[in-house]
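A short worksheet on the structure shown next.
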Amino acid sequence: MAFVLVGLIFGYVTFKALSFSRTVEVPSLYDKTLLEANEALNKAELYLKIEGEDYDTSVAPGRIIRQDVPPGRKVKEKRAIKVVISKGPRIDSVPLVINQSLEDAQSVLLQKGLEIGKVINVHSDSVEKGKVIAQNPGPDERLSDSVTVLVSLGPYETTYYCPDFLDKNISSARELAEKMGLVVETKGAGRIIASQLPKPGTLVKSGDKIYFEIREDTLIERFF
């Protein structure tokens, strides 16, 4: 009986000890980055939970502006502490990002607490590939948290049958090839095309390379 009684008492004490978690003090997370806040909470046997974002004029974007449990309060360990992240100050207008690269546009908008919500890729003959053609909203339009941008894919690729440049003058051949959007590379010395790649009649498109091997012209070719 004595052994049974001792066992019951030991079991009860153990149960009570396991039933009640120890309490810990909540650290201040204000103006901390998520990494810094997570480290501070881990030390206190607590963990981080992001509840949302909000504008704030004094705290940089990405840092914590509020926590659901005030610092210094005692809570049970293993509890989640909810936080709100700063989006930076609310701006009055959207910055102009037209003619900037997509990467630069994202950087400019993030600095203003905005983000690119949608990217639409379109071909353009006038705007360099990878640069912003248009944006919505624009600087004078109603403010929005996200911006839609149109980004240039460059001009449409045009397909041609490669002309026969053999025995042609390199100057006139280069001029025609460049009008077709071909990139000319030459080998040798002289003014007359001795061979070409791709061969005449091969399908080529704008942006492709064409290789010319050139030679000196003869007296007859000079005369004519």
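Since we're looking at a predicted model, the values are computed, not measured.
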For the student: nearest non-hydrogen atoms of [X] and [Y], plus distance:
{"X": "Val183", "Y": "Gly207", "answer": "CG2-O, 4.0 Å"}
{"X": "Gly138", "Y": "Val94", "answer": "O-CB, 3.9 Å"}
{"X": "Lys199", "Y": "Cys162", "answer": "O-CB, 3.8 Å"}
{"X": "Tyr55", "Y": "Ile65", "answer": "O-CD1, 4.4 Å"}
{"X": "Lys209", "Y": "Pro198", "answer": "O-CD, 3.8 Å"}
{"X": "Val184", "Y": "Ala177", "answer": "CG2-CB, 3.6 Å"}

Residues, nucleotides or ligands: over 12 heavy atoms within 6.0 Å of Tyr161 OH: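 12 or below, so no.
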
Considering only heavy atoms from C-beta outward, does the side chain of [X] approach that of [Y] to under 4.5 Å?
{"X": "Thr159", "Y": "Val204", "result": "no"}
{"X": "Leu46", "Y": "Pro27", "result": "yes"}
{"X": "Pro163", "Y": "Met180", "result": "yes"}
{"X": "Tyr47", "Y": "Leu41", "result": "no"}

Is it true that a side-chain atom of [X] and a backbone atom of [Y] form a donor plus acceptor pair closer than 3.5 Å?
{"X": "Glu36", "Y": "Arg63", "answer": "no"}
{"X": "Gln67", "Y": "Val69", "answer": "yes"}
{"X": "Asn42", "Y": "Asn38", "answer": "yes"}
{"X": "Gln196", "Y": "Phe165", "answer": "yes"}
{"X": "Gln135", "Y": "Val97", "answer": "yes"}

Examine [X] and [Y] and state if one hydrophobic cluster contains both, with Ile, Leu, Val, Met, Phe, Trp and Tyr joined whenever side-chain heavy atoms are less than 4.5 Å apart.
{"X": "Leu109", "Y": "Val119", "value": "yes"}
{"X": "Leu102", "Y": "Leu110", "value": "no"}
{"X": "Ile120", "Y": "Val127", "value": "yes"}
{"X": "Val26", "Y": "Ile85", "value": "yes"}
{"X": "Val149", "Y": "Val122", "value": "no"}

Glu175 and Lys179: CA distance, side-chain angles, deciding distance, salt bridge (charged side-chain N to carboxylate O under 4.0 Å, His left out) verdict: CA-CA 6 Å; Glu175 183 179 354; Lys179 283 181 179 178; 3.7 Å; yes

Would you give the length of the straight line joining atom [atom1] of [X] to atom [atom2] of [Y], rounded to the nearest 0.5 angstrom?
{"X": "Ile210", "Y": "Arg174", "atom1": "CD1", "atom2": "CZ", "answer": "11.0 Å"}
{"X": "Leu114", "Y": "Ser146", "atom1": "CG", "atom2": "OG", "answer": "8.5 Å"}
{"X": "Ile170", "Y": "Lys168", "atom1": "CD1", "atom2": "NZ", "answer": "12.0 Å"}
{"X": "Ile64", "Y": "Glu51", "atom1": "CD1", "atom2": "CD", "answer": "12.0 Å"}
{"X": "Leu48", "Y": "Leu29", "atom1": "CG", "atom2": "CG", "answer": "7.0 Å"}
{"X": "Lys87", "Y": "Asp56", "atom1": "NZ", "atom2": "CG", "answer": "12.0 Å"}

Test side-chain contact (heavy atoms from CB on, under 4.5 Å) applied to Ile193 and Asp167, step by step: CA-CA 5 Å; Ile193 296 173; Asp167 298 324; over 6 Å; no

Steps toward side chain to side chain donor-acceptor pair (under 3.5 Å) verdict (Ser101, Asp104): CA-CA 5 Å; Ser101 68; Asp104 288 344; 3.2 Å; yes

